[in-house]
Amino acid sequence: MLADWGSDRHAFQVSWGKAMMWIFLLSDTFVFSCFLISYMTVRMTTTVPWPNPSEVFALTIGGESIPLILIAIMTFVLITSSGTMAMAVNFAYRRDRARCAVLMLATAALGATFVGMQAFEWTKLIEEGVRPWGNPMGAAQFGSSFFMITGFHGLHVSCGVIYLLVVAMRVLRGRYERTGNYQIVEIAGLYWHFVDLVWVFIFAFFYLW
């Protein structure tokens, strides 16, 4: 243990970069857990009727109201991005920097698409009168819970998109080829998979409950 920590490079056979990312993700897990637990507590204790997600998040297409269609597409996009990120990590360790960079850029594009659809969702609800301090559809806490939880997650996705773009550009320029260490791609993948996993819980608790 003393040798690992004294070397200033590894801790228990894990690189410092990966160890610090795991610590960051663990702390972020606590934050998101607090948000979701608070949401569930408010949802179960409020005396005012809670808006029906199937109606609130429905879109009218061809004259028909389709419940949760936008949320389903957003979920599909984010899960797909997790697959492209996993392939990017695979190609990184194969030293195939061209395919790795392309897949990382594809992941970033999917993430940006997700953020764009989330912005559309926010705009739609704001136009319908939903605010963090009020909600014409029912319980006032709905607005504050929605904007806080989805906004915090959207911020993570936006930061992840920027992070992926920076790493992808460095991969293309051969920065990691010279050092022979592509672990930064795996570390970026850890962050992205975490963001995707958090969305699964938000989707289950906020949109399906």
- For the side chain of S82 and the backbone of I79, is there at least one donor-acceptor N/O pair under 3.5 Å apart? no
- Query: Aromatic ring centroids of H153 and F114 under 6.0 Å?
  - Reply: yes
- Item | Non-hydrogen atoms of V157 and G111 that approach each other most closely | CG1-O, 3.7 Å
- Compute the centroid of each ring, for Y163 and then for W192, and state whether the two points are separated by less than 6.0 Å. no
- Note on the structure: Closest non-hydrogen atoms of S33 and T29, given as atom of the first, atom of the second and distance, are OG-O, 2.7 Å
- Query: Do L208 and L36 belong to the same hydrophobic cluster, where Ile, Leu, Val, Met, Phe, Trp and Tyr are linked whenever their side-chain heavy atoms lie under 4.5 Å apart, directly or via other members?
  - Reply: yes
- Query: CZ of F57 to CD of E121: how many Å apart, nearest 0.5 Å?
  - Reply: 5.5 Å
- Is atom CZ of F76 surrounded by more than 12 heavy atoms (other residues, nucleotides or ligands) closer than 6.0 Å? no
- In Å and rounded to the nearest 0.5 Å, what is the OG1 to CE distance from T84 to M87? 6.0 Å
- Item | Inter-residue atom distance L70.CG - F120.CZ, 0.5 Å rounding | 6.5 Å
- Query: Does a side-chain heavy-atom distance below 4.5 Å link I66 with L59?
  - Reply: no
- Start with the C-alpha gap between L26 and F194, add the side-chain angles, then the distance that decides, and say whether side chain to side chain contact (heavy atoms under 4.5 Å, CB included) holds. CA-CA 10 Å; L26 181 61; F194 170 79; over 6 Å; no
- Would you say the side-chain atoms of R173 pair up with the backbone N or O of A168, donor to acceptor, closer than 3.5 Å? no
- Note on the structure: Taking every heavy atom of W122 against every heavy atom of G151, the minimum-distance pair comes out as CZ2-CA, 3.5 Å
- Message: Strictly distance-based, threshold 3.5 Å: is any side-chain N or O of S144 a donor or acceptor partner for the main-chain N or O of Q141?
- Response: yes
- Does the side chain of V200 come within less than 4.5 Å of D196's, by heavy atoms? no
- Would you say the ring centroid of Y39 lies under 6.0 angstrom from that of F205? no
- Query: Same cluster for I126 and F206 if Ile/Leu/Val/Met/Phe/Trp/Tyr side chains link at under 4.5 Å?
  - Reply: yes
- Query: Where is the tightest heavy-atom contact between P136 and V130, given as atom of each residue plus distance?
  - Reply: CD-N, 4.0 Å
- Note on the structure: Minimal heavy-atom distance between A88 and C100, with the atoms involved, is O-SG, 3.4 Å
- If you count the non-hydrogen atoms of other residues, nucleotides and ligands that lie under 6.0 Å from CH2 in W22, is the total more than 12? no
- Tell me, yes or no, whether the heavy-atom count around R43 atom CZ, taken from other residues, nucleotides or ligands under 6.0 Å, exceeds 12. yes
- Distance in Å, I202 CD1 paired with I71 CD1, rounded so as to fall on 0.5 Å steps: 11.0 Å
- Message: Distance check, rounded to the nearest 0.5 Å: M20 atom CE versus L25 atom CG?
- Response: 11.5 Å
- Please answer: with hydrophobic residues joined when any side-chain heavy atoms are less than 4.5 Å apart, are L155 and F30 in the same cluster? no
- Item | Connected via hydrophobic side-chain network under 4.5 Å: I37 and I149 | yes
- Could you tell me the separation between the NE2 atom of H193 and the CE atom of M85, rounded to the nearest 0.5 Å? 6.5 Å
- Is it possible for you to say whether M40 and V56 belong to one hydrophobic cluster, with membership spreading through side-chain heavy-atom contacts below 4.5 Å? yes
- Query: Taking the six-membered ring for Trp, are Y207 and W199 ring centroids under 6.0 Å apart?
  - Reply: yes
- Task: Take Y191 and H156, measure what side chain to side chain contact (heavy atoms under 4.5 Å, CB included) needs, and give me the verdict at the end.
- Result: CA-CA 9 Å; Y191 176 85; H156 278 69; 3.5 Å; yes
- Item | Check: F201 ring centre within less than 6.0 Å of F32 ring centre | no
- Task: Please find out if less than 6.0 Å separates the ring center of Y93 from that of Y182.
- Result: no
- Message: As a quick check of understanding, evaluate side chain to side chain contact (heavy atoms under 4.5 Å, CB included) for M169 and L105, giving each step before the final call.
- Response: CA-CA 9 Å; M169 290 300 103; L105 291 174; 3.8 Å; yes
- T113 vs M117 side-chain heavy atoms within contact, under 4.5 Å: yes
- Message: Looking at every non-hydrogen atom in both residues, tell me the closest pair between R97 and G174 and how far apart they are.
- Response: NH1-CA, 2.8 Å
- Are M137 and E55 close enough, and set up right, to give a side chain to side chain contact (heavy atoms under 4.5 Å, CB included), and what steps lead you there? CA-CA 10 Å; M137 306 176 188; E55 297 175 359; over 6 Å; no
